[in-house]
Amino acid sequence: MNFAELLKDTPCACGKTHSCAIKHVSVGSGILEEIPSVIAPFSRVLLVADKNTYRVCGASVKEKIEEKSPGKIENSLIYTDDLVIPNEDAIAKMQAFLTPETDLILGVGSGVIQDLCKYVSFFASIPYGIVATAPSMDGYASVGAAMITQNMKVTYSAHVPYAIFGDVDVLRDAPMEMIQAGYGDILGKFSCLNDWKLSHVVNDEFFCTSIYDFTYEMLMKTKDIGPALLHRETDAIQTLTEALIGVGIAMAYSGNSRPASGSEHTLSHFFEIVGILRDEPYFPHGTDVAFSMIYTQRMREELLKMEKPTAKPFVREAWESDIRRIYGRAAEGVIALQDKTGHYEKDYASIYVEKWEEIRNVLREVPSSEVLLEYLRSVGLNIDDCERLYGTEKLKEAFFYAKDLKDRYTVLWMYYWLAR
C-alpha cells in the first residue's frame, strides 16, 4: 500500500479536503531498523510499553535507538499490570514520567498502549509514535483515543501519531487471539459502514462517498484472508496490518471514527464497560466487534421483515430504572449523555414511516448473517463462544441498552424503537 500517497492532502467531491497529519508509516519486514532514523528529529524520548510488549520488541527498540543515539531514551515506562486499563490511574502514571524536555512519546504495543500514548501526548502537546506489536485493531492511525474515564468508555478526539512502524516479523508472532481480533475489527466495517449510510438517511448526517469507498476497499482486501491468518502467512499479516492502518487514515480523513465504528463497536464497548463494572470477563475488542457484527446484522434482518414501522412508546421512568440496574455506578453518566444527545426527544417514528423504503434499501446492503458467520469460522471464531460467555440476559441488555453509551445513531436505535 502506498501510504505516502494516502497521507497527502486530497480535495474531495464531498466539499472537504481530506488530510492526515501522520509523517511516516512503514509496514513490512525489518521495519524496526528504521526507527532510529525516523525519530532522529527528537532528542528526549519517553518509551512506553507493557511487560509483554517490552519483552516482545520494546527492549530491542530501546537498544536500537540507544546504539544510534545514546541518551535519547530519557525514560522508560513499563506497565506491569496483567491487564492495563486506559483509565485515570494509567494516565497519571504516564504523566509522571514526562519531563519538560520530553519531545516524543514512543509507544510499543497495540490498542491500550497506543490509546494511552495518544491521549497523554495530545494533552501534553507533544507528538507520539507507535511501534505495533499486534495487528489487533484499527486505531493506530486514527485521531480517537478510546479511554475509560469516570467508568465510561469515551473516545476523545486527540491527534494522529507522528509515525507508525509495523514490522511483520513481530506482528506475525502476536497471540492468535489478537490476530483474530484485528480481522474481526475489519469485518465489523460491514456493520458500521451500513450504520453510517443509515444515519445519513435518518438524520441527514454528513456522508462522504470517497471515505466510504476507501474503507470498503480495505474490507474487500481483507475479508477472505482468514485461513491464511490462521497459518500466520506473512502476506496475510501484512494485508491485515495495512488495512487496519488504512481504516485509521479514513477516520483521520473524517475527523472522527464514523467510517469505522458503529453498532458493532457500541456493543463491544458495552461488554467491556459492564465487564469492568461487574468484574466479569470479556473478549478482546476486535473479537467482540466481530461477534457483535453478527448480532447487529440479525437485527437488520429482523427489521427487514417488517412491512411498516410501528414505534414503541418511551417510558422515561422505566428506562432510567433499567439504566441504573445495568450500569450501576456509571448510570448517572449514561443518563446525562442521553439527556444531552436528545435521541429520546426526537420523533424517529415519523421519520421511519416517511423513509421506510429508503431505509430498507440501506439495510439490505449488508451480507447475510450466515455469510458473515462463515467469515468468522474461517479465522477460528465461533459465535457459540460469545453466547456461552455473556449469556442470554447480558446479550438482551446489550441489544437494547448499549446504544445509551454513545451519542452516535446506529441500527441499535432503530431496533430499540421498533423491535423491543
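- Under a cut-off of 6.0 angstrom, the local environment of CG in N2 is crowded, with over 12 non-hydrogen atoms contributed by other residues, nucleotides or ligands.
- Atom CD of E177 has 12 or fewer heavy atoms from other residues, nucleotides or ligands within 6.0 Å.
- K68 places no side-chain N or O within 3.5 Å of a backbone atom of K64 that could act as its donor or acceptor partner.
- Less than 6.0 angstrom separates the ring centroid of Y119 from the ring centroid of F123.
- Relative to the ring axis of F42, K72 does not place its NZ or CZ within 45° and under 6.0 Å from the centre.
- E302 and R298 are not joined by a salt bridge, as no carboxylate oxygen comes within less than 4.0 angstrom of a charged side-chain nitrogen.
- Between the side chains of T241 and Q238, no donor N or O sits under 3.5 Å from an acceptor N or O.
- For E280 and K394, the salt-bridge test passes: some basic side-chain N is under 4.0 Å from an acidic carboxylate O.
- Ionic pairing of E374 and R377 is present here: one or more N-O contacts between side-chain nitrogen and carboxylate oxygen are shorter than 4.0 angstrom.
- When atom types are taken as modelled, the side chain of K62 and the backbone of I73 share no donor-acceptor pair closer than 3.5 angstrom.
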Candidate pair Y409 and Y348, rule ring-ring contact (aromatic ring centres under 6.0 Å, His included), full reasoning: CA-CA 11 Å; Y409 182 88; Y348 282 117; 5.2 Å; yes
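- Between the side chain of S121 and the backbone N or O of C117 there is at least one donor-acceptor pair closer than 3.5 Å.
- A distance of 10.0 Å separates CG of L104 from CG of L47, quoted to the nearest 0.5 Å.
- Less than 6.0 angstrom separates the ring centroid of F207 from the ring centroid of W196.
- In the model, D169 has a side-chain atom that pairs as donor or acceptor with a side-chain atom of S29 under 3.5 Å.
- D288 and Y282 share no donor-acceptor pair across their side chains, judged by distance under 3.5 Å alone.
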Test log, rule salt bridge (Lys or Arg N to Asp or Glu O under 4.0 Å), inputs K221 and E217: CA-CA 6 Å; K221 286 182 175 180; E217 179 186 349; 3.4 Å; yes
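- A ring-ring contact (aromatic ring centres under 6.0 Å, His included) with Y390 holds for exactly one of F283, F291, Y295, F399; it is F283.
- Here the two rings, on H24 and F3, have centers that are 6.0 Å apart or farther.
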Worked check of ring-ring contact (aromatic ring centres under 6.0 Å, His included) between Y375 and Y183: CA-CA 10 Å; Y375 286 130; Y183 178 73; 7.4 Å; no
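- Rounded to the nearest 0.5 angstrom, S254 OG and I211 CD1 are separated by 5.0 Å.
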Derivation of the side-chain hydrogen bond (donor to acceptor under 3.5 Å, both in side chains) call for S191 and T296: CA-CA 7 Å; S191 172; T296 63; 3.2 Å; yes
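- Using the six-membered ring where Trp is involved, Y216 and F190 have ring planes that are perpendicular, over 60° apart on the 30 and 60° scheme.
- For the pair K16 and F206, the cation sits on the ring face: its NZ or CZ lies under 6.0 Å from the ring centre, inside 45° of the axis.
- A side-chain donor-acceptor contact under 3.5 Å links Y344 and W319.
- A side-chain donor from one of D50 and T53 sits under 3.5 Å from a side-chain acceptor of the other.
- A salt bridge does not link R44 with E101: none of the charged nitrogens is closer than 4.0 Å to a carboxylate oxygen.
- The existence of a salt bridge linking R360 and E357 is confirmed by a sub-4.0 Å separation between a basic side-chain nitrogen and an acidic carboxylate oxygen.
- Ion pair E397/R325 flagged as a salt bridge, since at least one NZ, NE, NH1 or NH2 atom sits closer than 4.0 Å to an Asp/Glu carboxylate oxygen.
- The shortest side-chain heavy-atom distance between L412 and L267 falls under the 4.5 Å cut-off.
- T102 contributes no side-chain N or O that, together with a main-chain N or O of L98, makes up a donor-acceptor pair within less than 3.5 Å.
- Judged purely by atom type and a 3.5 angstrom limit, D115 uses its side chain to pair as donor or acceptor with the backbone of A146.
- Side-chain atoms of D81 never come within 3.5 Å of backbone atoms of V84 as a donor-acceptor pair (strictly under, hydrogens ignored).
- Other residues, nucleotides and ligands contribute only 12 or fewer heavy atoms inside 6.0 Å of the CD atom of Q150.
- A distance-only check finds no donor-acceptor pair linking the side chain of D185 to the backbone of G286 [under 3.5 Å].
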Criterion side-chain contact (heavy atoms from CB on, under 4.5 Å) on Q114 and V131, from CA distance to verdict: CA-CA 9 Å; Q114 72 93 27; V131 182; over 6 Å; no
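- Side-chain contact check for M251 versus N256: every heavy-atom pair is 4.5 Å or farther apart.
- By the neighbour-count criterion of 12 heavy atoms within 6.0 Å, atom NZ of K51 is densely surrounded, having more than that number from other residues, nucleotides or ligands.
- At distances below 3.5 Å, at least one donor-acceptor pair connects side-chain atoms of K118 with backbone N or O atoms of S142.
- The pair D195-R258 fails the salt-bridge criterion, with no side-chain N (NZ, NE, NH1 or NH2) lying under 4.0 Å from an Asp/Glu carboxylate O.
- Here the two rings, on H159 and Y128, have centers that are under 6.0 Å apart.
- In this structure, Y79 contributes its side chain and A90 its backbone to a donor-acceptor pair below 3.5 Å.
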E74 vs T99, side-chain hydrogen bond (donor to acceptor under 3.5 Å, both in side chains): CA-CA, chis, key distance, verdict: CA-CA 9 Å; E74 179 184 40; T99 74; 2.4 Å; yes
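- Remark: the backbone N or O of Y162 is not paired with any side-chain donor or acceptor of K23 at under 3.5 angstrom.
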Residue pair D385, N382: steps toward the side-chain contact (heavy atoms from CB on, under 4.5 Å) verdict: CA-CA 6 Å; D385 294 336; N382 187 335; 3.8 Å; yes
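- K197 NZ to N361 CG: the interatomic distance, rounded to the nearest 0.5 Å, is 10.0 Å.
- In this structure, the separation between CD1 on I148 and CD1 on I91 is 10.5 Å, given to the nearest 0.5 Å.
- Taking a cutoff of 4.0 Å between a charged side-chain nitrogen and a carboxylate oxygen, R408 and E264 do not qualify as a salt bridge.
- Classification of E5 and K8 as a salt-bridged pair holds, one side-chain N sitting under 4.0 Å from a carboxylate O.
- For the pair V247 and I186, the minimum side-chain heavy-atom distance is below 4.5 Å.
- Residues S369 and Q297 have side chains that never bring a donor and an acceptor to within less than 3.5 angstrom of each other.
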